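Everything numeric here is computed off the predicted structure, so don't read it as measured data.
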Amino acid sequence: MAATNLGENLSVVVHGVGDLRLENRPVPVPGPNGDRVAIEPGVPRENDEYCKNGRYNLSPTIFFCATPPDDGNLCRYYTHNASFCYKLPDNVTFEEGALVEPLSVGIHACRRAGVTLGSRVFICGAGPIGLVSLIVAKMMGASQVIISDLSSSRLEKAKEVGADFILQVAKETPQQIAQKVEGLLGCMPEITIECTGAEACIQAGIYATRSGGTLILVGLGPAMVNVPIVNAAVREVDIRGIFRYCNTWPMAISMLASKRVNVAPLVTHRFPLEKAVQAFETTMRGEGVKVMLKCDQNDLNP
């Protein structure tokens, strides 16, 4: 591929399922006073009832990056609504800034779950979202966090970022998984955060959660799933969903600036923008944890 000049805006464009192409698009013109920022990809288009009550992520007309028909920002140059650009402190790197987005999912999930000092938490799935949920839960005061996954390498990463217990699952039934969680914790967790979307994991989440506790559904799977809803109902287990995030960027940036949160271990692969297709293929093969695309051709370092 020929070298990109300053008049070109190299962009990764989705043309269909499995069809990613590199294209040059016009360079957008920013407004005055640009800073180092992390952008929140969801921007309300109107001040509707959801915006007025602080839950703008639920607005049906919201603009959201890379959600058709809205373009995303896998490109060299991009402009965004200034109200949803958050200035990064000098001690927060661009790479850390890019991780504010997944960190925000964990913040929103833990807020909806009511994680607080002394909480005992079970997390299903040690992928990127499960790991950031683990990091945030510990920051919010959870005393014990157990996390489950099929992958031993992902569970080792979970141990690295603060898990108190790890549980590698194979062919256990949901009830058996719940029993193992209780055995490791010494009690049933008050909170379960389900990050896989798999039917069996949702079932395990219900069985595992203490009566009167809360199950948060983060992972998105099939539109219809079979779950032991009566088991949850008679034990007053609250089942709550989350959709993206809202009002999380300031907290996430503050957490990173404090240096009490280390998200660096989550980034396992880095690719220049020109190798975006290889980056996506790496993710599809299930390799590593978080794959980072570097859009600045002059800065390919962590």
ring-ring contact (aromatic ring centres under 6.0 Å, His included) evaluation trace for F122 with F165:
CA-CA 9 Å; F122 170 38; F165 304 99; over 10 Å; no

R45 and D70: CA distance, side-chain angles, deciding distance, salt bridge (charged side-chain N to carboxylate O under 4.0 Å, His left out) verdict
CA-CA 12 Å; R45 286 189 167 97; D70 301 331; 2.7 Å; yes

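Remark: side-chain polar atoms of K159 are paired, donor with acceptor, to backbone N or O of D164 under 3.5 angstrom. Looking only at distances, no side-chain donor or acceptor of R210 sits under 3.5 Å from a matching main-chain atom of P189. The backbone N or O of G118 sits less than 3.5 Å from a side-chain atom of S143, completing a donor-acceptor pair. Remark: the backbone N or O of Y77 is paired with a side-chain donor or acceptor of N9 at under 3.5 angstrom. Put simply, the side chain of Q179 never gets that close to the backbone of Q176: no donor and acceptor are under 3.5 Å apart. Between the side chain of R235 and the backbone N or O of V230 there is no donor-acceptor pair closer than 3.5 Å. For D238 (side chain) and G212 (main-chain N/O), no donor-acceptor pair under 3.5 Å exists by modelled atom type. The closest donor-acceptor contact from the side chain of Q168 to the backbone of D149 lies at 3.5 Å or more, if one exists at all. Of the possible donor and acceptor atoms, none in the side chain of S119 sits under 3.5 Å from a partner among the backbone N and O of V121. In this structure a side-chain-to-backbone donor-acceptor pair under 3.5 Å is missing from R244 to N57.
A 4.5 Å side-chain heavy-atom check between V161 and N262 finds every atom pair outside the cut-off. The closest side-chain heavy-atom distance from N47 to K52 is below 4.5 Å. Put simply, the side chain of F63 does not reach to within 4.5 Å of the side chain of D71, judged on heavy atoms. Here the side chains of I107 and Y245 are not in contact, with every heavy-atom distance at 4.5 Å or above. Counting heavy atoms from C-beta outward, R25 and L10 have side chains that stay 4.5 Å or more apart.
For K138, the NZ atom is densely surrounded, since the number of other residues' heavy atoms within 6.0 Å is greater than 12. Within 6.0 Å of CG on D90 lie no more than 12 heavy atoms contributed by other residues, nucleotides or ligands. For L220, the CG atom is loosely surrounded, since the number of other residues' heavy atoms within 6.0 Å does not exceed 12.
Using a 4.0 Å cut-off between a side-chain N of Lys or Arg and a carboxylate O of Asp or Glu, R21 and E23 do not qualify as a salt bridge. A salt bridge between E160 and K157 is present, with a side-chain N of the basic residue lying under 4.0 Å from a carboxylate O of the acidic one. Electrostatic pairing of K294 and E95 counts as a salt bridge here, judged by a charged N lying under 4.0 Å from a carboxylate O.
Taking the six-membered ring where the residue is Trp, F271 and H269 present parallel rings, their angle staying beneath 30° rather than reaching 60°. In this pair, F84 and Y56 present their aromatic rings perpendicular. The plane angle is above 60°, beyond the 30 to 60° band.
Identified under the side-chain hydrogen bond (donor to acceptor under 3.5 Å, both in side chains) test for residues 181-197, with sequence neighbours left out: R120-E190, T192-T209, E194-T196.
Considering K259, R36, K290 in turn, K259 is the only one that fulfils the salt bridge (Lys or Arg N to Asp or Glu O under 4.0 Å) rule with E96.
Looking at every heavy atom in both residues, P44 comes nearest to I62 through N-CG1, 3.8 Å. Of all heavy-atom pairs between V277 and L20, the closest is CG2-O, 3.8 Å.
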